[in-house]
Amino acid sequence: YEAALEMCLRHFGGDHPEVVRGLNNVASCLHALGRSTEALPKYEASTAMCERLYKGDNPVVATGLNNVAACLLALGRGTEALTKHEAALAMHERLFKDDHPHVARSLNNVGNGLSALGRHAEALSKHEAALAMYERLSRGDHPNVALSLVLVASCLRELGRDDLALPTYESAVRMSRNCGAGESWRWSGLLGTLLLRMNRAVDAKPCFAESIEGIESARQSARGLGEAERQAYFDFLKSSGDPFNGMVRTLLAMGDAPEA
């Protein structure tokens, strides 16, 4: 990716969509490797170039703002990250007057930024709005609806509303299973953790069993990779946030992941 970026810079010599793509590719790898300090200036340069290339509101610019925000959040600069996410949301809302996946995704991004700052009640309203929009767009089971359900449930849990969080997590896991994408194990661990907190260990056991099966699948997918590739793979999982952090800790405990 770095070699491709250098080639694009030599060939185009200035602002160009291919240079933007090259900057984003390098930044994405750096961010996935936990090197967000190095990724941030790449994303910032890419976004600034997009703003020069595309005058006014543009989905590419909004995506750039969200990329910058993700790096800022990883670096603990939550207030700055929230500002970028809010700017991206405002741009998407101007670009798409009706329901649109980009608007729903930006609502969830703002909600995540608010949650990172401990503002869970405000985050909940954003996630609920995103959930409602995804439900109107999808009209049935869909991974984006399942993810939004998880985000709503997580806010409810943080607000001490376990009675509401539980059925929401259950709906998310059930929908994820129905989607058939093999992703339900990601949310089963969250459901199991809540059930344990509610002193329902028997009910939690099958949830954790599903999570462990998913973790084992992830572990198997890393077999056969070179050491550097395996390190990058697990660093990516570790950087992906809850619930992936817990899954990587489990992998480390099983002795088949590189040390953090």
Side-chain angles (χ1 to χ4, degrees), residues 1-2 5 19-54 57-95 102-130 147-148 150-152 154-159 186 190 231-249 260:
Y1 279 140
E2 288 174 331
L5 173 59
V19 178
V20 169
R21 185 176 293 109
L23 285 165
N24 283 336
N25 286 338
V26 172
S28 178
C29 284
L30 290 168
H31 185 52
L33 290 169
R35 294 163 61 181
S36 298
T37 301
E38 298 168 75
L40 179 58
K42 301 292 186 185
Y43 275 139
E44 288 175 329
S46 167
T47 304
M49 190 175 293
C50 286
E51 289 172 334
R52 293 191 297 270
L53 285 167
Y54 310 104
D57 294 338
N58 189 286
V60 177
V61 176
T63 297
L65 290 168
N66 280 327
N67 288 336
V68 171
C71 272
L72 289 168
L73 202 58
L75 294 170
R77 295 162 62 179
T79 301
E80 297 170 78
L82 179 59
T83 299
K84 298 293 185 183
H85 277 319
E86 288 175 331
L89 172 59
M91 188 174 294
H92 278 140
E93 288 177 330
R94 291 192 298 269
L95 285 164
H102 287 345
V103 177
R105 188 176 301 115
S106 282
L107 283 165
N108 275 334
N109 286 338
V110 171
N112 289 336
L114 289 164
S115 284
L117 295 172
R119 295 161 59 181
H120 301 295
E122 296 170 78
L124 177 60
S125 67
K126 298 297 184 184
H127 291 315
E128 287 176 331
L147 172 60
S148 293
V150 168
L151 295 172
V152 168
S154 296
C155 282
L156 290 168
R157 182 194 64 202
E158 292 293 340
L159 292 168
R186 301 181 185 277
L190 295 177
Q231 181 68 57
Y233 176 80
F234 287 107
D235 281 347
F236 169 74
L237 288 179
K238 186 170 63 176
S239 72
S240 298
D242 189 9
F244 300 98
N245 289 331
M247 293 176 182
V248 171
R249 284 196 294 272

Listed once per pair and sorted, the salt bridge (Lys or Arg N to Asp or Glu O under 4.0 Å) pairs that draw on residues 85-95, sequence neighbours left out: Asp57-Arg94
Considering only residues two or more places apart or on different chains, which pairs with a residue in residues 104-118 satisfy salt bridge (Lys or Arg N to Asp or Glu O under 4.0 Å)? none
Please round to the nearest 0.5 Å and tell me the distance separating atom OG of Ser125 and atom CD of Glu128. 7.0 Å
If a pair satisfies salt bridge (Lys or Arg N to Asp or Glu O under 4.0 Å) and one of its residues is in residues 67-76, list it, with sequence neighbours excluded. none
Evaluate the criterion side-chain contact (heavy atoms from CB on, under 4.5 Å) for residue pair Met49 and Val19; output intermediate values, then yes/no. CA-CA 9 Å; Met49 190 175 293; Val19 178; 3.7 Å; yes
Just jot down the salt bridge (charged side-chain N to carboxylate O under 4.0 Å, His left out) partners of Glu38, sequence neighbours excluded, or say none. Arg35
Looking at His127 and Cys155, what are the two nearest heavy atoms and their distance? CD2-SG, 3.5 Å
Say you draw a straight line from CG of Asn67 to OG of Ser28; how long is it, rounded to the nearest 0.5 Å? 8.0 Å
Under the side-chain hydrogen bond (donor to acceptor under 3.5 Å, both in side chains) definition, can you give me all pairs with a residue in residues 40-51, not counting sequence neighbours? Asn24-Ser46
Show the nearest heavy-atom pair for residues Leu89 and Val103, with the distance to one decimal. CD1-O, 3.9 Å
Side chains of Asn66 and His85 in contact at under 4.5 Å (non-hydrogen atoms): yes
Tell me every residue that passes side chain to side chain donor-acceptor pair (under 3.5 Å) with Ser36, counting only those two or more places apart in sequence or in another chain. His31
Could you state the interatomic distance from CG (Asn58) to CG (Leu95), rounded to the nearest 0.5 Å? 7.0 Å
Of all residues at least two apart in sequence or in a different chain, which pass the side chain to side chain contact (heavy atoms under 4.5 Å, CB included) check with Arg119? Leu82, Leu114, Leu117, Glu122
Glu80 meets the salt bridge (charged side-chain N to carboxylate O under 4.0 Å, His left out) criterion, sequence neighbours left out, with Arg77
Can you sort out the partners of Glu158 under side chain to side chain contact (heavy atoms under 4.5 Å, CB included), two or more places apart, ordered by chain and number? His120
Listed by chain and number, what are the side chain to side chain contact (heavy atoms under 4.5 Å, CB included) partners of Ala62, not counting sequence neighbours? Ala88, Met91, His92
For Leu73, give me all partners under side chain to side chain contact (heavy atoms under 4.5 Å, CB included), at least two apart in sequence or on another chain. Ala81, Ala116
To check you understand the geometry: which heavy-atom pair defines the closest contact between Ala69 and Lys84, and what is its length? CB-CB, 3.7 Å
Heavy-atom closest pair (Gly22 atom, Leu5 atom, distance to 0.1 Å) is C-CD1, 3.9 Å
Work out which heavy atom in Val20 is nearest to a heavy atom in Cys50; give both atom names and the distance. CG1-SG, 3.5 Å
